[in-house]
Amino acid sequence: MPIHNADIAAIFEEIADLLEIESANVFRVRAYRNAARILQELGKDVRAMVEKGEDLTRLPGIGDDLAHKIKEIVETGHCAMLDKLHKQLPPTITELLAIPGLGPKRVSALYHELDIQTMEQLQRAVRDHRIQALPGFGEKTEMRIADALAIHASNTSRFKLAIAAQYAEPLAAWLRTVPGVQQVVVAGSYRRARETVGDIDILITATEHSPVMVRFCGYDEIAEILSHGPTRSSVILKCKLQVDARVVAPESYGAALHYFTGSKAHNIAIRRLGQEKRLKINEYGVFKDQTRIAGETEESVYQAVGLPFIPPELRENRGEIEAARKGCLPKLIELSDLKGDLHTHSKASDGHATLKEMAQAAKQRGFEYLAVTEHSSRLTIARGLDSVQLAKQIDEIDRLNAQLEGITLLKGIEVDILEDGSLDLPDWILGKLDLVIGAVHSHFGLSRARQTERILKAMEHPHFTLLAHPSGRLIAKREPYDIDMMRIIRQAKARGCYLELNATPDRLDLLDTYCQAAKAEGVLICIDSDAHSVLDFDNLRFGIGQARRGWLEKSDVLNTRSLKALRPLLKQTM
DNA sequence: GCCGTTTTCGGCCCGACTGTTTTCAGTCG
């Protein structure tokens with residue numbers, strides 16, 4: 001089995017967990033966790049580095065010892081140190097760390113005092129009330145473990161960004177009405193526009209005696225209050241989403257917002273920079289000795305460490321700090337930069353609105369153009385169009401364009417890429433269109449080689465313009481199909497065609513890291529709603545968030561072009 | 001275990017809340 005970066009990272013995480021349970025030096029533990037993170041976020045395959053004999057110690061956080069272990073794992077698939085740890089502690093014990101409230105010390109106590117090694121054994125011990133008898137544990141701790149076990153058993157999955165928004169935004173709006181409250185911002189991974197969020201972090205600034213925390217804990221959608229203090233509270237909503245709220249004074253707003261936006265890796269890196277300048281950075285401000293020198297705004301925090309403002313979507317410690325230092329941060333795309341949408345559906349296939357309704361809704365958004373791209377006949381479940389039906393729609397669009405003012409409908413199709421890489425409609429009709437979007441909707445399970453060849457062949461087609469939802473994944477529902485995305489990106493470059501960033505909340509496909517790769521290769525990305533109704537244009541903001549996480553600027557995105565500039569770009573593949 | 005304009009030792013990001021304890025360890029973010 002080939003070893004991937006993620007496999008080595010998992011081994012290092014497990015070593016860290018086990019060392020922690022053994023009460024090893026905390027910094028030694030941190031070194032393993034740090035290395036795991038580095039490997040996960042590394043843009044290249046560490047196995048290839050080993051095979052080429054590259055010096056692994058040049059990677060940050062990897063010294064002689066870890067370099068040796070990486071080499072060992074790549075070559076043997078095992079790590080002798082982990083095997084040794086497994087002889088001292090049962091492998092299943094690290095699962096227990098997933099229970100909120102159980103950290104390394106308590107897991108160690110449970111194992112040594114009660115011989116608890118698995119979730120099932122923990123469950124039994126809770127039921128028999130054996131936990132509360134342990135020194136350092138008590139009745140309440142036992143009850144919390146019982147609750148946590150129940151929640152863990154039901155579901156602890158992450159929430160899609162768009163779903164989290166439906167809970168976070170009304171809650172934030174409600175908090176803004178509390179007396180004394182000045183600002184309420186949803187921070188955390190939500191603000192960084194990650195495609196899924198594990199919890200919601202809400203930052204509040206308020207006057208000293210504002211009742212905001214009491215009101216927060218009285219929100220009527222709360223199922224359980226986990227903790228409740230004057231500046232910090234955690235609750236679980238009835239929908240099982242955890243919400244953490246923090247209140248700080250207005251002068252700490254920027255420092256707190258920076259801190260609670262994360263990511264953790266980014267924050268650590270910024271604090272290190274602060275340390276080099278003998279500054280202490282915490283959620284209350286930036287301090288030189290005891291004096292606050294910054295923190296009212298995020299800009300002031302960055303300025304204190306000698307950097308320009310870094311947009312939240314870039315804060316993953318994936319090179320943004322280096323780019324900021326060099327003054328070459330991207331000027332990220334904004335929703336208002338979009339001039340149109342090139343992937344939408346109407347009642348003619350599986351959409352819910354007429355062409356005219358879609359056109360009017362697009363015009364209201366300030367769009368110049370809207371491409372109508374129904375499914376093709378192969379996708380019978382979506383009432384896909386055959387050549388005759390498509391020809392009829394082409395005529396209808398011509399008639400509508402003669403009437404419409406301030407918006408132009410473009411003629412397109414979302415044509416199925418068949419198993420052999422051919423397209424689901426004949427050339428004569430594809431040739432009459434303004435653009436042809438190719439999409440995979442079947443045979444997801446092909447081998448990497450066959451799936452990649454299939455898509456590469458489709459992109460060879462003279463009329464092919466844009467590859468829809470390139471990875472095919474549905475978040476938390478369907479894995480991406482197995483393809484060599486770098487070859488597809490290079491093919492797009494060679495053929496002069498484009499890749500889509502589909503803004504449907506379930507898709508958000510292309511992934512952020514591939515947006516970055518496409519940008520590096522000079523391939524334009526098209527951010528599309530894939531709207532099936534006039535409401536779906538709202539999803540474009542999630543696509544923009546994903547694009548920003550992929551470092552995309554206005555110039556990297558096809559549909560920021562005016563109609564006049566767009567037309568020749570659509571024709572260049574034909 | 002890593003790292004170095006404090007460079008081979010002695011540091012390593014920082015603070016809030018809870019429960020069990022009676023001043024603090026453990027956990028979490």
Side-chain angles (χ1 to χ4, degrees), chain A residues 12 15-17 19-21 23-38 56-70 79 81 96-110 131-145 147-148 187-190 197-203 213 217 225-235 242-248 252 255-256 258-287 295 301 305 317:
Chain A
F12 285 173
I15 289 176
D17 284 344
L19 284 176
E20 216 171 10
I21 294 168
S23 301
N25 179 302
V26 291
F27 299 108
R28 190 176 167 215
V29 172
R30 189 179 294 173
Y32 281 98
R33 294 211 193 281
N34 195 31
R37 205 189 65 225
I38 299 286
L56 299 177
T57 65
R58 280 166 53 193
L59 297 172
I62 307 294
D64 286 338
D65 183 88
L66 289 177
H68 181 79
K69 288 198 173 77
I70 291 171
C79 178
M81 181 190 177
L96 301 178
L97 294 170
I99 298 293
L102 288 188
K105 296 290 184 289
R106 287 185 178 147
V107 167
S108 175
L110 290 170
I131 308 280
Q132 52 178 288
L134 288 180
F137 291 74
E139 201 177 338
K140 284 199 170 173
T141 304
E142 186 177 88
M143 277 169 57
R144 271 201 74 181
I145 293 172
D147 291 346
S189 49
Y190 183 88
V197 299
D199 62 11
I200 293 290
D201 294 288
I202 297 188
L203 175 67
M213 218 31 131
C217 289
I225 296 174
L226 296 176
S227 68
H228 179 18
T231 67
R232 178 172 182 157
S233 300
S234 292
V235 304
Q242 180 168 331
V243 183
D244 299 333
R246 279 93 164 190
V247 180
V248 298
S252 296
H258 179 257
Y259 181 62
F260 295 128
T261 296
S263 68
K264 197 170 178 178
H266 174 88
N267 285 357
I268 289 173
I270 293 294
R271 283 194 172 162
R272 287 237 173 85
L273 284 182
Q275 275 194 319
E276 288 171 16
K277 295 179 186 295
R278 296 175 163 271
L279 300 173
K280 187 174 79 165
I281 301 175
N282 59 27
E283 55 264 57
Y284 299 107
V286 181
F287 298 88
V301 175
V305 294
N317 201 23

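Letters A, B, ... are given to chains in the order of the sequence lines, protein chains preceding strands, and every chain is numbered from 1.
For Tyr190(A), there are no ring pair (Phe, Tyr, Trp, His ring centres under 6.0 Å) partners two or more places apart in sequence or in a different chain.
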Query - Heavy-atom protein contacts under 4.0 Å, nucleotides 24-29 of chain B, coded B base, S sugar-phosphate only, - none - result: --SSSB

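OP1 or OP2 of dT20(B) sits under 4.0 Å from a side-chain N or O of Thr141(A).
dC14(B) and dC9(B) have their C1' atoms separated by 24 Å, given to the nearest Å. Taking atom P on both nucleotides, dC28(B) is separated from dT20(B) by 15 Å, rounded to a whole Å. dT6(B) sits 14 Å from dC12(B) when the P atoms are compared, rounded to a whole Å.
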Query raised in the report: Are Val305(A) and Arg271(A) close enough, and set up right, to give a side-chain contact (heavy atoms from CB on, under 4.5 Å), and what steps lead you there?
Result: CA-CA 9 Å; Val305(A) 294; Arg271(A) 283 194 172 162; over 6 Å; no

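Between the side chain of Arg106(A) and the backbone N or O of Gly101(A) there is at least one donor-acceptor pair closer than 3.5 Å.
Atom CG of Asp64(A) has 12 or fewer neighbouring heavy atoms from other residues, nucleotides or ligands inside a 6.0 Å radius.
Within the 4.0 angstrom heavy-atom criterion, only backbone atoms of the sugar-phosphate kind lie near Gly136(A); the bases stay farther away.
Pairing for dT8(B) is absent, judged as Watson-Crick or G-U wobble with the two contacts each under 3.5 Å.
Side-chain contact check for Phe137(A) versus Leu110(A): some heavy-atom pair is nearer than 4.5 Å.
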Atom pairs, protein N/O to nucleotides 3-12 of chain B N/O, distance under 3.5 Å:
| unit_1 | atom_1 | unit_2 | atom_2 | d |
| --- | --- | --- | --- | --- |
| dC3(B) | OP1 | Gly61(A) | N | 2.9 |

